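All remarks here apply to the structure that follows.
Keep in mind the model is a prediction, meaning the values are calculated, not measured.
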Amino acid sequence: MRNKIILALAVVFAALVKCTDMSAQKASLSTNIVGYANFLTMNLEASCPVARHWNLYAGTKYNPFTFNLGKGKESARNRQQAYYAGVRYWPWNVYSGWWVAGKLQYQEYSSGGIFSRRTREGDRAGLALGGGYAYMIGKHFNIEFGAMLWSGVDFFTSYSCPVCGSIESSGRKVFVLPSDIIVALSYIF
């Protein structure tokens with residue numbers, strides 16, 4: 001399943017590279033500032049318009065960090081690598097005003113030690129839906145606000161502590177989670 005998801009995302013990335021030229025804005029790169037508040041999760045998104053009201057986008061999130069909480073305490077982590085690709089509809093014009101979006105997303109994660117000693121690792125894949133607003137702050141710069149919710153299948157293993165390796169449970173289940181809370185800075189080419 002993981003290979004099929006990565007292949008589908010690769011096809012969308014390839015489509016972004018081959019986007020047709022538009023007379024105005026041709027592409028954008030953005031980063032979600034709120035993502036960095038999630039244990040310094042780095043993120044980058046690229047998009048290009050395919051019509052006046054539509055654009056394709058793809059991105060990644062990456063967090064390799066583990067934080068030491070002090071002597072005698074467990075470490076905290078929210079490690080992940082996530083890849084996504086989707087489409088946005090803009091009622092007025094691409095990169096301006098309100099938008100609604102859908103995306104396919106895959107995430108490999110390891111989180112724990114944040115609220116309890118329990119650690120959970122696994123893979124998630126699903127579909128996210130959301131909306132937002134892009135405010136033009138200059139010819140080449142936007143700030144975007146939005147939120148997305150995603151649902152799919154989670155293949156997980158739970159451990160009783162971050163480093164002990166004692167398995168409590170494992171399996172798969174359906175999930176519904178927030179995908180993004182967006183306050184992003186975008187550069188429009």
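Comment: Arg124 engages Asp154 in a salt bridge, judged by a side-chain N to carboxylate O separation of less than 4.0 angstrom.
Taking every heavy atom of both residues into account, Trp54 and Val87 meet most closely at CE3-CG2, 3.5 Å. Summarising the geometry of Ser47 relative to Ser28, their closest heavy-atom pair is OG-OG, 2.7 Å, with the distance given to 0.1 Å. Across all their heavy atoms, Ser170 and Thr157 have their closest contact at CB-OG1, 3.8 Å.
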Tell me, with the steps shown, if Thr31 and Asn43 meet side chain to side chain donor-acceptor pair (under 3.5 Å).
CA-CA 6 Å; Thr31 188; Asn43 61 85; 3.1 Å; yes
Yes or no on side chain to side chain contact (heavy atoms under 4.5 Å, CB included) for Val34 and Ile182, after CA distance, side-chain angles and deciding distance?
CA-CA 6 Å; Val34 176; Ile182 303 165; over 6 Å; no
How far apart are the C-alpha atoms of Phe155 and Lys173, what are their side-chain angles, what is the distance that settles it, and do they pass the side chain to side chain contact (heavy atoms under 4.5 Å, CB included) test?
CA-CA 7 Å; Phe155 299 91; Lys173 68 178 190 173; over 6 Å; no
One pair to check against ring pair (Phe, Tyr, Trp, His ring centres under 6.0 Å): Tyr106 and Tyr84. What are the steps and the verdict?
CA-CA 6 Å; Tyr106 168 78; Tyr84 59 89; over 10 Å; no
Trace of the side chain to side chain contact (heavy atoms under 4.5 Å, CB included) decision for Met42 with Tyr36:
CA-CA 6 Å; Met42 298 172 280; Tyr36 295 97; 4.2 Å; yes
Kindly determine whether Lys61 and Gln80 satisfy side chain to side chain contact (heavy atoms under 4.5 Å, CB included), including the steps that lead there.
CA-CA 7 Å; Lys61 301 174 191 174; Gln80 66 173 296; 4.1 Å; yes
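In this structure, NE2 in His140 is found 4.5 Å from OH in Tyr187, a value given to the nearest 0.5 Å. Taken from CG in Leu185 to OG in Ser30, the straight-line distance is 8.5 Å, to the nearest 0.5 Å. If you take CZ on Arg79 and CD on Glu108, they are separated by 10.5 Å, rounding to the nearest 0.5 Å. Distance CG/Asn93 to CE/Met136: 8.5 Å, rounded to 0.5 Å.
Cluster annotation: Leu29 is connected to Val183 through the hydrophobic network of ILVMFWY side chains, with a link wherever side-chain heavy atoms come within less than 4.5 Å. When hydrophobic clusters are built by joining Ile, Leu, Val, Met, Phe, Trp and Tyr residues whose side-chain heavy atoms come closer than 4.5 Å, directly or via intermediates, Leu177 is not grouped with Val174. Hydrophobic clustering (side-chain heavy atoms under 4.5 Å, transitive across Ile, Leu, Val, Met, Phe, Trp, Tyr) groups Tyr133 together with Ile33.
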When the side chains of residues 142-152 are checked against the rest of the protein, which donor-acceptor pairs come out under 3.5 Å, sequence neighbours left out?
residue	atom	partner	partner atom	Å
Asn142	ND2	Tyr95	O	2.7
Glu144	OE1	Arg88	NH1	3.0
Glu144	OE2	Ser186	OG	3.3
Ser151	OG	Phe175	O	2.8

Distance-only criterion, 3.5 Å: show the donor-acceptor pairs between side-chain atoms of residues 96-103 and protein atoms not counting sequence neighbours.
residue	atom	partner	partner atom	Å
Lys103	NZ	Gln105	OE1	3.1
Lys103	NZ	Ser179	OG	3.4
Lys103	NZ	Asp180	OD2	2.6

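Classification of the Phe67-Phe65 ring pair by plane angle, with boundaries at 30° and 60°, yields tilted. Under the 30°/60° scheme for interplanar angles, the aromatic rings of His53 and Tyr89 are found to be tilted.
You'll find the side chain of Ser169 reaches within 4.5 Å of the side chain of Phe156, heavy atoms only. Considering only heavy atoms from C-beta on, Thr119 comes within 4.5 Å of Arg77 through its side chain. Put simply, the side chain of Tyr62 does not reach to within 4.5 Å of the side chain of Thr41, judged on heavy atoms. Side-chain atoms of Val50 and Asn55, non-hydrogen and from C-beta on, never get closer than 4.5 Å to each other.
By the 6.0 Å contact criterion, CZ on Arg118 is open, its count of non-hydrogen atoms from other residues, nucleotides or ligands being 12 or less.
Between the side chain of Asn63 and the main chain of Phe39, a donor-acceptor pair closer than 3.5 Å is present. Formation of a donor-acceptor pair under 3.5 Å by the Thr60 side chain with backbone atoms of Ala82 is found in this model. In this structure, Asn32 contributes its side chain and Ile181 its backbone to a donor-acceptor pair below 3.5 Å.
In this view, Arg172 satisfies the salt bridge (Lys or Arg N to Asp or Glu O under 4.0 Å) rule with no residue, not counting sequence neighbours.
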